[in-house]
There are 2 protein chains.
Amino acid sequence: MLETIISQGLKATGRRMTRTRKAVLSLLERTHEPLSASEIFAQLQEDQVTIDLVTVYRTVNVLKDLGLVAQLDLHHEGQSRYELKEGRKHHHHIRCQVCGKIVDLLLCPLKKLTKLIEERTKFVVGDHILEFTGFCPQCQ
Amino acid sequence: MLETIISQGLKATGRRMTRTRKAVLSLLERTHEPLSASEIFAQLQEDQVTIDLVTVYRTVNVLKDLGLVAQLDLHHEGQSRYELKEGRKHHHHIRCQVCGKIVDLLLCPLKKLTKLIEERTKFVVGDHILEFTGFCPQCQ
DNA sequence: ACCATTATTGCAAGTCTCTTGCAAGTAATA
DNA sequence: TATTACTTGCAAGAGACTTGCAATAATGGT
């Protein structure tokens with residue numbers, strides 16, 4: 001179970017599994033869109049979980065440090081979104097610029113490109129962001 | 001000359017060419033890295049141009065509305081950068097995560113991918129962001 | 001060249017996302 | 001159950017960006 005796996009990661013870095021971390025994890029686990037900190041906060045409020053927005057930020061940052069959560073910066077959104085990486089391949093997203101719906105793109109076309117970039121620029125390529133916007137079927 | 005071209009775009013939308021717009025344009029024209037609003041502000045201060053940071057934001061937004069400037073959201077930078085589009089092909093960037101240096105990548109591998117995404121998701125794909133981070137030759 | 005019109009600017013203040021300091025609360029270990 | 005030190009919540013702060021409004025300045029007509 002996810003909570004057990006993550007408990008170990010926390011312990012290994014001198015951290016603890018807490019009520020609030022469980023709540024954030026369980027929300028991310030059952031949600032199928034990447035969530036912003038304020039959305040996590042609002043949803044947990046609705047679920048009667050007592051948590052501060054600051055704690056949400058601290059929690060997603062811990063999970064990111066552990067490599068368990070990906071932080072996404074979508075196109076001009078002005079806020080980050082978070083999704084569980086556990087058991088999922090690296091992938092990208094498309095977001096509807098009308099209704100905000102986000103859909104996973106289960107592909108990444110950049111492996112070959114990375115080599116080409118390293119040759120041309122002499123950079124060592126680390127990470128990349130690739131995010132699309134457009135109009136979803138309902139909003140066209 | 002760029003200023004003439006842009007004057008026409010401004011006029012066509014009921015706007016005016018002003019001292020501050022000229023200053024921002026001329027800075028973007030002679031700078032070869034995408035600049036953030038605060039960098040534009042700081043550089044113009046140094047150049048003895050009197051301008052407010054608010055005006056910088058308003059100016060880059062006007063230029064963006066006219067389609068003359070691209071707004072870039074680089075990886076987890078927490079601020080946007082702006083560069084002139086005039087006379088340049090669509091392209092992407094790589095940014096050194098140590099020194100912040102930004103280099104243009106004069107390519108975009110996403111034309112074919114766009115079609116594939118439209119088929120799979122039924123979205124109409126609009127724009128995309130693709131930005132790399134890594135280590136530049138000096139910082140490796 | 002001057003005036004009237006109206007876009008633009010600068011300043012102050014506000015919004016939003018995210019971070020930090022610190023005292024109080026709580027998980028982990030003996 | 002007591003000790004230790006990690007976590008939390010609250011208040012306050014930082015940074016990017018926006019908005020309201022009166023003063024300023026660019027345009028177009030005379």
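Chain naming here is simple, since letters A, B, ... match the order of the sequence lines and numbering starts at 1 in each.
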I'd like to know if the side chain of A/R21 and the backbone of A/T59 have a donor-acceptor N/O pair within less than 3.5 Å. no

When you measure from the side chain of A/T20, which nucleotide among D/dT27, D/dT8, D/dA16 comes out closest? D/dT8

Taking 5' to 3' order, which nucleotide of DNA chain C is first and which is last to have an atom within less than 4.0 Å of a heavy atom in chain B? C/dT6 to C/dA12

N/O contacts under 3.5 Å, protein versus nucleotides 3-6 of chain D?
residue, atom, partner, partner atom, Å
D/dA5, N3, A/R16, NH1, 3.4
D/dC6, O4', A/R16, NH2, 3.4

With A/S26, which residues qualify under side-chain hydrogen bond (donor to acceptor under 3.5 Å, both in side chains), at least two apart? A/R30

Parallel, tilted or perpendicular, judged at 30° and 60°: which one describes the rings of A/F132 and B/H128? tilted

Could you tell me whether the phosphate oxygens of D/dC17, OP1 or OP2, come under 4.0 Å of any side-chain nitrogen or oxygen in B/Y57? yes

Distance-only polar pair, side chains of B/R15 and B/T13, donor-acceptor under 3.5 Å: yes

Nearest-Å distance, CG (B/N61) to P (D/dA16)? 15 Å

Under the ring pair (Phe, Tyr, Trp, His ring centres under 6.0 Å) rule, collect the residues that match up with B/Y82, sequence neighbours excluded. none

Net bend of the helix from C/dA1-D/dT30 to C/dA30-D/dT1, end axes of five pairs each, nearest 10 degrees: 40°

Got a sec, which residues hit ring pair (Phe, Tyr, Trp, His ring centres under 6.0 Å) with A/F123, two or more places apart in sequence or on another chain? none

Under 3.5 Å, side chain of A/E131 to main-chain N/O of A/D73, donor-acceptor pair present? no

